[in-house]
Number of protein chains: 4
Amino acid sequence: MTVRIAVIGAGIMGADHARIVAEDLPGATLQVVCDMDEARARAIAGRYDAEAATAPEAVIARTDVDAVIVASPDSTHAPLSLACIRAGKKVMCEKPLSQSSGECREVMQAEAASGTRQIMLGFMRRYDPAYRQMRAALTAGTIGRPLMMHNWHRNGSTPSADFTGAMAITNSAPHEFDILRYMLGCEPVSITATQPMRSDDKVAPVVMVLQTVDGQLVTVEVNNNAAYGYDVKAELVGETGTIATNHVSYTRMDKGATQSLGHDADWRDRYAEAYRQQNKAFVRWVQGGGCPELAASAWDGYAAAVIAECGVKALESGSRQDITLIPRPAFYAGATGKVA
Amino acid sequence: MTVRIAVIGAGIMGADHARIVAEDLPGATLQVVCDMDEARARAIAGRYDAEAATAPEAVIARTDVDAVIVASPDSTHAPLSLACIRAGKKVMCEKPLSQSSGECREVMQAEAASGTRQIMLGFMRRYDPAYRQMRAALTAGTIGRPLMMHNWHRNGSTPSADFTGAMAITNSAPHEFDILRYMLGCEPVSITATQPMRSDDKVAPVVMVLQTVDGQLVTVEVNNNAAYGYDVKAELVGETGTIATNHVSYTRMDKGATQSLGHDADWRDRYAEAYRQQNKAFVRWVQGGGCPELAASAWDGYAAAVIAECGVKALESGSRQDITLIPRPAFYAGATGKVA
Amino acid sequence: MTVRIAVIGAGIMGADHARIVAEDLPGATLQVVCDMDEARARAIAGRYDAEAATAPEAVIARTDVDAVIVASPDSTHAPLSLACIRAGKKVMCEKPLSQSSGECREVMQAEAASGTRQIMLGFMRRYDPAYRQMRAALTAGTIGRPLMMHNWHRNGSTPSADFTGAMAITNSAPHEFDILRYMLGCEPVSITATQPMRSDDKVAPVVMVLQTVDGQLVTVEVNNNAAYGYDVKAELVGETGTIATNHVSYTRMDKGATQSLGHDADWRDRYAEAYRQQNKAFVRWVQGGGCPELAASAWDGYAAAVIAECGVKALESGSRQDITLIPRPAFYAGATGKVA
Amino acid sequence: MTVRIAVIGAGIMGADHARIVAEDLPGATLQVVCDMDEARARAIAGRYDAEAATAPEAVIARTDVDAVIVASPDSTHAPLSLACIRAGKKVMCEKPLSQSSGECREVMQAEAASGTRQIMLGFMRRYDPAYRQMRAALTAGTIGRPLMMHNWHRNGSTPSADFTGAMAITNSAPHEFDILRYMLGCEPVSITATQPMRSDDKVAPVVMVLQTVDGQLVTVEVNNNAAYGYDVKAELVGETGTIATNHVSYTRMDKGATQSLGHDADWRDRYAEAYRQQNKAFVRWVQGGGCPELAASAWDGYAAAVIAECGVKALESGSRQDITLIPRPAFYAGATGKVA
Ligand SMILES: [Mg+2]
Ligand SMILES: [Mg+2]
Ligand SMILES: [Mg+2]
Ligand SMILES: [Mg+2]
């Protein structure tokens, strides 16, 4: 069965998903590209002989659409996921599920009420080879019990000039919140957030320290104006050793008194393989395979939203905030395994 | 149009091609897996709901087969490629086209007589990101005119105990011969080959030095018993700088007083992306796209065979051998571009 | 003039200083090695044809001793530095000057009353090539205004089983406190300190976050049971780029499916060149050169002690502590330059 | 006993040796700096309160000179070494001992006739931490029996415009010839030498392949116009693993879409520690210690000269040259140990 996919949203991520579906996803075909901006939808759809559309709910309801990828603006993620649930169609929703943890709970309730898992959340790092090797080393006991995780999230520059520290926490940091939960297999219980001062009006980095219920410490630096390029790094410190992401560059150059490696331009280069594997897992699921083991769920989207809300409060108040999640519904049991 | 592919040969490489076609090639489907050993054919075919067969020529002739991937033993590559030409079906033939340059010429003549390019040769390194970046740096003038290219080809151990230095040249080194021709955009004119002595009965490394018609020097080390893992490296030395393959490891580990990166187990890990891109290019070609710009042709297979023949003579005689190619047929014009 | 040096303390650091003075310090000679434990003093002194002694104050007073290196237990640093001031002899005192900021102030007052600088404090990192390059890049403007500094201080294991988090702050972290002040050219104004939980009874890492008066953020991880080796790292994040310590290993090895670099056994290997340069600077000063520009002073020892005191309070209270220093005495003006 | 040293030659290397003796060599003092060019001698001598002189033989004969460092033009190395032997003074002679193997034999005969070893040759790489670790790994059996050694010797640019391939072999490559002999513990028996063609009139690289009496292969690239900086690299390939020099840079920088390490400006930076350790070993020897185990002797100078002579013939003739050394005199027994 060839899965006919609708991509909703034709911005940077939507265009990238459309390309992956059209060119790199065996078993899938790009059926529709939908965007409020018709010209944008047409531009992307035309590239791959797909249809263009502007009304997302109508697209979701189409009988010739088997599954949906949501890559529209963040505020539409939850409503469109709900529409997919109502239509009984599986959806790969870009993060965040919602910036509101309350709205995430509504989506979880609807999904649970439907009786079956239908949402996969686009925390693609879980499919990245580096994080997978880190997780494998952990579960194999190679570095002992985890004690700390350090994370760096650096962009060359912000997409808009009015980006704020709070936005760094709600837009960029959720990737860190998800991966620390996934990696450590437990939930954070507190968070602090602080910013240095820049000499210009660009948003300064945000430095967060989280504690987990298992007593681990996690540091997160989100630096949206790192200037030098896109660079995401992580180190997992265990009781007997550490494992860290290594800078991947296919070549190195000796020139002008330096030896240099290249930096990725942005996350699409850095995570190209992760996006591809994630979307492959989505297609297999739609084709009838089991719910992908690695994939993030609505529950993970809820947890990331709560942590981000607490992070913003920590940044604004200047004091440590407790993080309290609702009990994990049985419906979402079993995904994030704890290292013994 | 979905391209129905027959994979001929169900050994290590055939199994890998079958997997790529079945799981990672949009626009293609695995129709048949053919191997003299019926059980082997069934084992791989069964994995992907394809048919199993044992008679390659019959498979090539099937009307439900649109294109062929040849990954059977080396001695069958040329006969099967000729069968594909006769059947008017495009073929992605694993290297070498033939270990006999004379047989390569027969294939070229048949292909030329057919009036159209039908053979793509599996020198997959041309699709590897590292070599592509090296080539791009060269054509961009970043390191100046190329002066030297150094190449290392290391395997953990030989597939069989009776591997010889001559086999290192005819089986392993063709990848180096092709990539140096591709990278430098010109032909080698001489070759020397020497071996150190091992203390055991394993095959020793072979060290070759080649000169090109443009006056470049190329060194090649083929070490089939490197013991530590699979490791292929190259450095291109230009008049104003150098560019080299960088060791790619997604993670690094600190443990037991060392900081370590992993080595690949074999070429399938190292070149996974190259194989995927190569086969995608093949499918696009079968679907009606132009002959893939990067891909190696029968001419390239012929050139590699001649160089290997000269390399074996150089090793056996202990003296430098001239390399003489027939004039490049117009039919194969234009593929390997020279850097100005 | 050959400087006759007395080394007080014949423990690990004292033995190392004795060796440097005896074998690697032109213009200096090892006159006396003094330790409460006479056998220890004799053992080290005998190695280099120096005299052994057990009474430090008497040694300091000797007319054939021109200068003193104090490497005895931490609690004796301040009293012995005071004795040197009284004797009018310059002293290179191992860190800390004192764990009590009050006692540091007494030393400062005595030094100021003597009218001349006599104390150089053994914060040897200021002489380390890596930190010097980082400082040079900063002052050259290569990475823009500094925003953050990340620091990792990892030991294979603690010297004693009863090492505590507070001791990590008072014994190990002062090196970090000094180098951040030196690097950023300004004082920290607040500190938080947190620990993850280990599964055994070894001391867990301490993670600190400091803010400086210029609005920079500094993170410090002190991990005294890192298990894998001695590893000190730092990264300076500027507004236009970053500069970090690079792992220095003279060789790398390919073996057993990994490529590995070595870790230093301890700080004496890691900082061998820094210790040598620091002690050379000390000798030149004693010989009549000006007060070494890079060297840490009693003021720097005081600052490190105050920060450590606040760090311990932060760890014990679980809340951020303000750091308040007395105004910098004019006597100590000028050493730590601010980057414009 | 303080060793009073005369440095003969006040060019780049002489100035560097004068600095090391004056500032970094405990137990030694810089007595005289001698150069045909009086102004040059005065400039360097004046820097360190040493005397200036212009007549080397007279300097060697001075009663207030205990030992000599020869860093004058290459053609004077042998005559001045002979003068030191006659004067009964130990000499650390910069490489080469002579470019003529015959002249090297005369020096060996004179030294042997004197009945005692007096010459240490400045093949400082033997004191370099990287090569020492490589040798240690070899003798420890960590990489198995050595099979190959690869060497790269790259300078940013040649000192003079009329530098030739033959000069690359006689002036630059002797360092490689010595280190391969030292590392492998046996002698080379043949050599080939080839050059690529440059597009300008600068000297092109020379690529050499040597075979040793124990059946090892050694490749050497000497690239005197590498453009990007000074870069010397080596890899030792054993039967069970490899060990290679690692690029040492104290810091790395992220800036402008690249991550970069620095290259050394020239050999004085790269080998600063090797020069210091070599000269320390020389001083200890003069003070009465045994002949330094690591140091190169006149015999090693002779061997390097023979290999270079054969290398030049190989380059000029285009054919492999046998290398034949005289039997090693008993007087020089024991220095280069073979790995079992
Ligand atoms: Mg997004
Ligand atoms: Mg093959
Ligand atoms: Mg100490
Ligand atoms: Mg020289």
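Just so it is clear, the values below take in all heavy atoms, side chains as well, and ignore hydrogens, waters and symmetry mates. Order of the sequence lines sets the chain letters (A, B, ...), proteins ahead of strands, with each chain counted from 1.
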*In terms of heavy-atom contacts, does CZ of Phe163(C) have more than 12 from other residues, nucleotides or ligands at under 6.0 Å?*
yes
_Heavy-atom contact with chain C under 4.5 Å, split by part of Ala257(B)_ = both
*Please round to the nearest 0.5 Å and tell me the distance separating atom OG of Ser260(B) and atom NE2 of His263(C).*
8.5 Å
*How long is the gap from NE2 on His247(C) to CG on Asp254(B), to the nearest 0.5 Å?*
7.5 Å
